[in-house]
Amino acid sequence: FCDHSRCYGHALDDPTCARNAAIYAMMREWTSSGHQVYVYAYLLCTDPLYTCNETMQADDIRKYAKLGIMGWKEEAVFSDARFVNLKDPRLPDLQPSNWQWCYATAHLLWDPDLDLAALLADAESKYYGAAYPAMREYQAERRRLWAKPGPCMGYPRGDSRRPLLLSEPGSKEKLLALLDKAEKLAAGDALRLRRVRQDRMWLEEYWIKPNERVREEEKRAIRLAETKGLKIDIDGRGDEKAWKDAPRQTEFRSTTHGEDKPGRLIPKGLETEVKVLRDAENFYFLCTAMEPKAETL
């Protein structure tokens with residue numbers, strides 16, 4: 001069973017997520033067919049860089065076990081492999097930056113009833129050594145931010161969650177302070193110091209920079225012109241004088257990819273323009289979407 005278009009931002013059985021509701025219904029239908037069913041997952045198609053998917057994966061595996069699913073598989077992207085797409089420098093970070101997810105998944109596939117928190121504590125305490133007290137707080141904070149309500153995540157729309165994680169005031173500063181503390185604790189241990197600094201690099205590249213780009217985009221707020229008492233007819237024509245003075249919003253892009261893979265500009269001939277007006281009680285939107293062959297639609 002290929003869970004193509006599965007959302008990894010919400011629980012598999014979350015009824016409020018339309019994508020997962022459909023996937024989960026199909027999965028239950030498959031498992032009731034009497035055949036042996038295996039799951040083929042697509043998380044890595046989402047470019048899940050430095051995520052916290054181990055908790056979601058543990059929940060999934062336990063649900064699979066209850067449904068009688070026999071196994072689970074995911075494509076591997078090894079950091080020392082020769083990639084087809086060498087233009088994307090992030091590929092070697094896909095699995096290393098999600099090592100906790102890889103580790104927890106491997107163990108839970110053998111025994112879904114394992115205690116995830118204990119499993120991660122054992123692994124991370126050995127991985128970070130003397131820096132673990134600070135890194136335990138650091139990873140707990142990352143997982144807390146990741147678990148907050150957010151948008152869907154998954155192929156084909158990419159990971160639109162990470163760019164929003166550090167929008168909570170003080171979250172970036174707290175994580176950086178914990179990394180500073182961890183580096184001091186790891187002083188004299190070259191291996192553990194390198195691992196802490198790798199976390200810092202991943203935080204900078206895959207959480208901080210995307211969030212900064214989102215904040216810059218938020219500054220491009222749509223300016224609303226006032227109708228100044230002029231009547232607006234809801235007729236789709238947009239020929240009132242008030243519309244002529246309204247600022248234009250253009251350069252729309254496709255939504256095929258997430259924030260880290262922005263979609264291409266809408267091609268010439270299919271451009272879209274939006275204008276917005278307001279009065280004391282209403283907002284008015286005028287959308288012009290070009291279609292060169294409208295008569296054939």
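The first residue of the sequence shown is numbered 1, and numbering continues consecutively from there. Any value given below was found using the heavy atoms of this structure, including those in side chains, with hydrogens, waters and symmetry copies removed.
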Participant: Restricting to ring-ring contact (aromatic ring centres under 6.0 Å, His included), what partner residues turn up for Y40, sequence neighbours left out?
Facilitator: Y42
Participant: Just to verify, what does Y24 make a ring-ring contact (aromatic ring centres under 6.0 Å, His included) with, not counting sequence neighbours?
Facilitator: none
Participant: Applying salt bridge (Lys or Arg N to Asp or Glu O under 4.0 Å), can you list everything that pairs with D239, at least two apart in sequence or on another chain?
Facilitator: R237
Participant: With sequence neighbours left out, what residues match D122 under salt bridge (Lys or Arg N to Asp or Glu O under 4.0 Å)?
Facilitator: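 With neighbours one apart ignored, the set is K126.
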Participant: Listed by chain and number, what are the side chain to side chain contact (heavy atoms under 4.5 Å, CB included) partners of Q36, not counting sequence neighbours?
Facilitator: Y38, M70
Participant: If the condition is side chain to side chain contact (heavy atoms under 4.5 Å, CB included), which residues does R278 pass it with, not counting sequence neighbours?
Facilitator: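 Partners of R278 by the side chain to side chain contact (heavy atoms under 4.5 Å, CB included) criterion, ordered by chain and then number, come out as L224, E226, F283.
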Participant: Below 3.5 Å, can you tabulate the donor-acceptor pairs from side chains in residues 109-121 to any protein atom, sequence neighbours excluded?
Facilitator:
{"residue": "D111", "atom": "OD1", "partner": "D113", "partner atom": "N", "Å": "3.0"}
{"residue": "D115", "atom": "OD1", "partner": "A117", "partner atom": "N", "Å": "3.0"}
{"residue": "D115", "atom": "OD1", "partner": "A118", "partner atom": "N", "Å": "3.1"}

Participant: Can you list everything that forms a ring-ring contact (aromatic ring centres under 6.0 Å, His included) with F1? Sequence neighbours excluded, please.
Facilitator: W30
Participant: Could you tell me which residues satisfy side chain to side chain donor-acceptor pair (under 3.5 Å) with Y284, sequence neighbours excluded, listed by chain and number?
Facilitator: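 If we apply the side chain to side chain donor-acceptor pair (under 3.5 Å) test to Y284, skipping adjacent residues, the hits are D279, N282.
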Participant: With sequence neighbours left out, write down each residue that passes ring-ring contact (aromatic ring centres under 6.0 Å, His included) with H107, or none if nothing qualifies.
Facilitator: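 Listed in chain order: Y103.
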Participant: Which residues satisfy the side chain to side chain contact (heavy atoms under 4.5 Å, CB included) test with R144, sequence neighbours excluded?
Facilitator: E141, K148, E168
Participant: With sequence neighbours left out, what residues match T272 under side chain to side chain contact (heavy atoms under 4.5 Å, CB included)?
Facilitator: F252, V274, A289
